[in-house]
Engineer: 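Have a look at this one.
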Amino acid sequence: YKICTDLTSSILYKKHHIHIVIGSVLPISTNEIFKVEEQLAFNGEAKSLSQKREFEFLKELACKYINSPYLWGGRSPFGIDCSGFSQNVFRMSGYSLPRDARQQISHGEVIASLQDSEPGDLAFFNNSNGAINHVGIVFPENKIIHASGRVRVDDLTEGGIIDHESGQQTHQLTAIKRILKN
């Protein structure tokens with residue numbers, strides 16, 4: 001199977017247009033048992049679902065979501081939450097993550113500190129009760145891309161996320177995990 005990497009696109013299926021969004025799985029492969037292309041046409045950008053990609057590819061996909069509105073439980077550019085965002089971006093990059101941030105933290109290799117982190121690592125944050133309630137993707141130069149109000153890029157410190165606009169700390173850093181294989 002392939003996965004759509006265009007923000008929005010469409011397919012022609014049995015002579016009908018169907019609109020799709022980034023992350024949609026397409027039944028297209030190079031070794032098909034039956035000829036799906038006789039019923040399905042797709043002309044957009046896609047990659048093999050299982051192909052693992054590097055940080056630059058992941059970064060390009062993540063940036064396509066910038067300014068997508070926050071929607072609890074959402075998983076599309078029309079509304080997305082923090083864990084849906086990380087799950088989608090990593091899935092399109094060839095890595096499987098569970099749906100919720102509390103589950104995602106159990107995956108990957110523990111990174112001791114922000115100083116040891118690399119772009120593409122996942123940063124996890126907790127609430128006042130100590131429960132994991134937020135996740136974002138580490139970007140270069142102590143930045144993080146995450147869904148909070150909207151998908152945005154903010155500053156990341158050992159203490160947590162510093163809102164780029166207000167200068168206030170909005171989330172408390174709990175852990176950093178490495179998912180991408182170099």
Side-chain angles (χ1 to χ4, degrees), residues 1-11 13 17-27 42 44-47 49-50 52-53 55 57-108 119-139 143-156 160-166 168-180:
Y1 289 94
K2 296 215 181 249
I3 191 161
C4 176
T5 57
D6 287 330
L7 192 58
T8 61
S9 192
S10 67
I11 59 176
Y13 180 68
H17 278 279
I18 301 171
H19 298 283
I20 60 172
V21 295
I22 191 168
S24 297
V25 176
L26 305 166
F42 175 71
E45 292 290 321
K47 68 166 271 298
L49 189 57
S50 62
K52 295 194 180 332
R53 297 295 301 266
F55 171 71
F57 182 82
L58 182 140
K59 178 182 176 185
E60 182 181 317
L61 290 173
C63 286
K64 289 182 179 185
Y65 284 93
I66 287 181
N67 291 321
S68 293
Y70 182 87
L71 175 65
W72 186 77
R75 289 190 47 203
S76 88
F78 303 108
I80 196 160
D81 66 16
C82 64
S83 54
F85 173 66
S86 57
Q87 183 188 44
N88 278 2
V89 171
F90 273 83
R91 181 178 182 213
M92 288 182 285
S93 298
Y95 297 88
S96 179
L97 287 176
R99 176 62 179 93
D100 192 80
R102 289 185 301 273
Q103 299 164 322
Q104 291 176 5
I105 197 168
S106 67
H107 287 67
D121 288 346
L122 286 177
F124 293 90
F125 306 86
N126 63 315
N127 62 18
S128 58
N129 297 330
I132 300 300
N133 69 342
H134 193 67
V135 62
I137 302 169
V138 175
F139 263 26
K143 301 287 185 192
I144 186 166
I145 187 167
H146 64 123
S148 181
R150 59 182 164 82
V151 176
R152 53 189 295 136
V153 176
D154 284 313
D155 297 317
L156 182 61
I161 295 175
I162 306 299
D163 183 299
H164 183 71
E165 295 164 356
S166 72
Q168 300 295 310
Q169 181 173 322
T170 59
H171 297 82
Q172 181 179 337
L173 182 63
T174 301
I176 299 173
K177 301 293 278 287
R178 180 152 307 139
I179 306 296
L180 296 178

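Hydrogens, waters and symmetry mates play no part in the numbers below; they use all other heavy atoms, side chains included.
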Engineer: Within a strict 4.5 Å, meaning less than it, do heavy atoms of the L61 and I22 side chains meet?
Structural biologist: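 They are in side-chain contact.
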Engineer: Taking the side chain as every heavy atom from C-beta outward, state whether I145 and I66 have any atom pair closer than 4.5 Å.
Structural biologist: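 With C-beta onward as the side chain, the pair touches.
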Engineer: Between R150 and E165, does the salt bridge (Lys or Arg N to Asp or Glu O under 4.0 Å) criterion hold? Intermediate values first, please.
Structural biologist: CA-CA 13 Å; R150 59 182 164 82; E165 295 164 356; 2.6 Å; yes
Engineer: Cut-off 3.5 Å, side chains only: do Q104 and S86 have a donor facing an acceptor?
Structural biologist: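 Note: Q104 and S86 side chains meet the donor-acceptor criterion.
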Engineer: Checking K52 now: which residues fulfil salt bridge (Lys or Arg N to Asp or Glu O under 4.0 Å) with it, not counting sequence neighbours?
Structural biologist: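 Testing K52 for salt bridge (Lys or Arg N to Asp or Glu O under 4.0 Å), a comparison that skips the adjacent residues, returns none.
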Engineer: Stepwise, does the side-chain contact (heavy atoms from CB on, under 4.5 Å) test hold for D100 with I132?
Structural biologist: CA-CA 10 Å; D100 192 80; I132 300 300; over 6 Å; no
Engineer: Which residue, H164, H146, K143, forms the side chain to side chain donor-acceptor pair (under 3.5 Å) with D154?
Structural biologist: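 The residue from H164, H146, K143 that satisfies side chain to side chain donor-acceptor pair (under 3.5 Å) with D154 turns out to be H146.
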Engineer: Return the minimal non-hydrogen interatomic distance between S93 and F57, and the atom names on each side.
Structural biologist: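 Minimum heavy-atom contact is OG-CD2, 3.9 Å.
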Engineer: Under a 3.5 Å distance rule, please check whether K64 uses its side chain to pair with a backbone N or O of T5 as donor and acceptor.
Structural biologist: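 Pair found, side chain donor or acceptor close to backbone of T5.
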Engineer: Any side-chain heavy-atom pair from P27 and Y1 closer than 4.5 angstrom?
Structural biologist: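 In short, these two side chains touch, coming nearer than 4.5 Å.
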Engineer: Donor-acceptor pair, K47 side chain versus M92 backbone, under 3.5 Å?
Structural biologist: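 Checking the backbone N and O of M92 against the side chain of K47, a donor-acceptor pair under 3.5 Å is found.
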Engineer: Would you confirm whether K177, through its side chain, and I105, through its main-chain N or O, come within 3.5 Å as a donor-acceptor pair?
Structural biologist: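 Yes; at least one donor-acceptor contact below 3.5 Å.
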Engineer: Surrounding CD of E45 (heavy atoms of other residues, nucleotides or ligands, distance under 6.0 Å), is the total greater than 12?
Structural biologist: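 At most 12 heavy atoms, drawn from other residues, nucleotides or ligands, come within 6.0 Å of this atom.
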Engineer: In chain order, what residues pass the salt bridge (Lys or Arg N to Asp or Glu O under 4.0 Å) check against D6, with sequence neighbours excluded?
Structural biologist: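 With sequence neighbours excluded, D6 shows a salt bridge (Lys or Arg N to Asp or Glu O under 4.0 Å) to no residue whatsoever.
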